[in-house]
Amino acid sequence: MSRLSRAAVHRPGTRDLDLTSVEVADPAPGTVLVRMGASGVCGSDRHVLDGDWTLPSPTVMGHEGAGTVEAVGEGVTDVAVGDSVILSWFYPCRRCTACVSGRSYVCTGSRSEECLLPDGSTPLSLDGEKAFPYLSVGSMSEYAVVPEAGAIRIPREVPFDVASLIGCSVATGFGAVVNDAGVEAGTSAVVVGTGGVGLSIIMALQLVGANPIIAVDLNEEKLVAAKAFGATHTLTPSDGLADEVHRLTGGGAAYAFEAIGRVSTIESLPSLIAAGGKAVIVGLPPEDSPISIDALALAEGGKSLIGSNYGSTVPGRDFPRLAQLFLAGRLPVDQLISHRITLNEVNEAFEAMRRGERARSVIVF
Ligand code: APR
Ligand code: ZN
């Protein structure tokens, strides 16, 4: 028996999400039905609305979600009815070479980017036609059906609004710092763009003891938030940004992170780091975004420029760790939430994001 679920649906050619009811199927073998508790409003959803990336449509948006397991399909053993779970927007296939060697973040068997379940089906329909859950999550909906490998149990004490953010921005930011960059205590870092993802990077830099931590954003409010999360210095982008970073770090930062997804700020990363430094692209640019960098300066300086997708998160390992860090008071994820909203207010939240406002809006169901 399927159920109707109120959801925020994207159709190409329009930036406004349609608030309507979709039909959500019962969980098939290996999948889980989740009653959503909360869904964050993330920059990656905005990319889709603004036409930066192409996807199967209509699409139920939302990929940063947490909720309660309402029913499980045949053969599901990892989670049970009543469990609190965080959804992962990249579910590992658990069979490919990457997965079996513990590097599920480069899994080649996942169909999450196609917005499909492992068997190639979709659990959603709208007016009798197929609909697709964004990144196989679709958390801007009262109910979601996700693969077992994409629903990670966490302690019930973690509120859903916090848990939802652990599922994308916090995992991405923390993973970029810890899994990808491997930042050491006492080393310097600069973060360009301090929305939900950039602020999560700063939170992780503070936790691992980076110093100084330099935050860069166009928006003054975001920079105030950055200071609260541990930034030691804040800057607005200007022609003199690289000089300023070199002055504050005594010759360039050891690590630089871009958390906007803009070609020009990605191209500026190598100029912010010292010889031997590491620059990490965390923000996701639109499709077909070639970048141009000075290869000689990169080579002569022994600098690295790496991409980080989802912070190379291993959801089953990292989500529970992040939840425990929050419960221990060492990762103030709750302070990332600037606005708690209803599903009906989602379009306003994206408009505010386009203006560079709000640390993170979270839809609470
Ligand atoms: N220079 C500095 N800061 C900028 C600039 C710029 N040229 N342009 C935008 N910003 C700032 C905005 O003011 C905002 O604070 O970048 C921040 C982007 O934050 P959000 O819109 O909240 O996006 P977020 O959810 O953090 O995602 C950032 O990471 O995962 C990816 O797809 C996601 O590409 C997106 C990026
Ligand atoms: Zn996201």
Side-chain angles (χ1 to χ4, degrees), residues 38-50 52-53 55 61-66 86-90 112-113 134-140 164-176 180 190-203 214-226 229 231 234-239 241-242 244-245 256-269 272 280-287 289 307-313 315 336-339 349-363:
S39 175
V41 177
C42 175
S44 296
D45 296 294
R46 186 203 48 76
H47 280 293
V48 176
L49 273 47
D50 291 352
D52 293 343
W53 303 333
L55 285 177
M61 296 309 302
H63 62 283
E64 185 175 73
I86 298 178
L87 307 188
S88 166
W89 57 256
F90 189 87
S112 55
E113 281 169 7
Y134 181 40
L135 297 174
S136 309
V137 175
S139 52
M140 292 182 181
S164 70
L165 298 190
I166 289 176
C168 179
S169 56
V170 176
T172 299
F174 186 92
D180 292 321
V190 55
V191 182
V192 185
T194 56
V197 174
L199 291 172
S200 298
I201 293 173
I202 291 173
M203 236 190 283
I214 304 166
V216 183
D217 203 288
L218 290 168
N219 183 301
E220 283 293 341
E221 256 176 66
K222 295 286 177 65
L223 293 175
V224 171
F229 283 115
T234 60
L235 298 172
T236 47
S238 66
D239 291 343
L241 181 64
E244 205 43 27
V245 169
F257 300 86
E258 202 270 6
I260 309 166
R262 278 173 57 94
V263 167
S264 63
T265 38
I266 291 170
E267 288 174 338
S268 75
L269 288 180
L272 305 179
V280 187
I281 303 171
V282 186
L284 302 174
E287 283 168 3
S289 294
S308 169
N309 189 25
Y310 210 167
S312 302
T313 293
L336 259 186
I337 305 167
S338 54
H339 295 73
F350 281 114
E351 277 308 321
M353 176 182 276
R354 291 185 185 102
R355 293 192 298 269
E357 297 167 7
R358 300 193 181 185
R360 206 41 141 210
S361 306
V362 177
I363 299 164

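Residues: numbered from 1 along the sequence shown. Indexing begins at 1, ligand by ligand and atom by atom, following the structure's order. Everything quoted here is computed from the prediction, not taken from an experiment.
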Worksheet item: What residue and heavy atom of the protein are closest to atom 5 (C) of ligand 1, and at what distance?
Response: L218 CD1, 3.4 Å
Practice prompt. State the atoms of ligand 1, each with its element, that fall below the 4.0 Å cut-off from a heavy-atom position in G283.
Written response: 29 (O), 31 (C), 34 (O), 36 (C)
Worksheet item: For ligand 1, which part of S169 has a heavy atom less than 4.0 Å away: the side chain, the backbone, both, or neither?
Response: neither
Item to complete: Please say whether G43 places an N or O atom under 3.5 Å from an N or O atom belonging to ligand 1.
Response: yes
Discussion item. Can you give me the closest heavy-atom contact between A215 and A231, atom names plus distance?
Written reply: CB-CB, 3.9 Å
Discussion item. For atom 19 (O) of ligand 1, what is the closest protein heavy atom, and at what distance to 0.1 Å?
Written reply: G195 CA, 3.3 Å
Worksheet item: Got a donor-acceptor contact below 3.5 angstrom from the E258 side chain to the G261 backbone?
Response: yes
Discussion item. I need the atoms of ligand 1 closer than 4.0 Å to a non-hydrogen atom of G193, numbered in the order shown.
Written reply: 16 (O)
Practice prompt. Could you tell me whether the side chain of F257 reaches within less than 4.5 Å of the side chain of L269, counting heavy atoms only?
Written response: no
Practice prompt. Answer side chain, backbone, both or neither: which part of H47 comes under 4.0 Å from ligand 1, heavy atoms only.
Written response: side chain
Worksheet item: Nearest to atom 32 (O) of ligand 1, what protein heavy atom do you find, and at what distance?
Response: S44 OG, 2.7 Å
Response to the item:
Taking only non-hydrogen atoms of K222 and a 4.0 Å limit, the atoms of ligand 1 in range are 14 (C), 15 (O)
Practice prompt. Begin from the C-alpha positions of L235 and L241 and carry the test side chain to side chain contact (heavy atoms under 4.5 Å, CB included) through to its verdict.
Written response: CA-CA 8 Å; L235 298 172; L241 181 64; 3.7 Å; yes
Discussion item. For atom 10 (N) of ligand 1, what is the closest protein heavy atom, and at what distance to 0.1 Å?
Written reply: I260 CD1, 3.9 Å
Practice prompt. Could you find the nearest protein heavy atom to atom 7 (N) of ligand 1 and give me its residue, atom name and distance?
Written response: R262 NE, 3.4 Å
Discussion item. Contact between L223 and E220 at the side-chain level, heavy atoms closer than 4.5 Å - yes or no?
Written reply: yes
Worksheet, complete the sentence: atom 26 (O) of ligand 1 has as its nearest protein heavy atom V197 N, 2.9 Å
Practice prompt. For atom 1 (N) of ligand 1, grab the closest protein heavy atom and report residue, atom and distance to one decimal in Å.
Written response: P237 CG, 3.5 Å
Worksheet item: Can you check whether C168 reaches W89 side chain to side chain, under 4.5 Å on heavy atoms?
Response: yes
Worksheet item: Please state which protein non-hydrogen atom is closest to atom 25 (O) of ligand 1 and give its distance, to 0.1 Å?
Response: R360 NH1, 2.7 Å
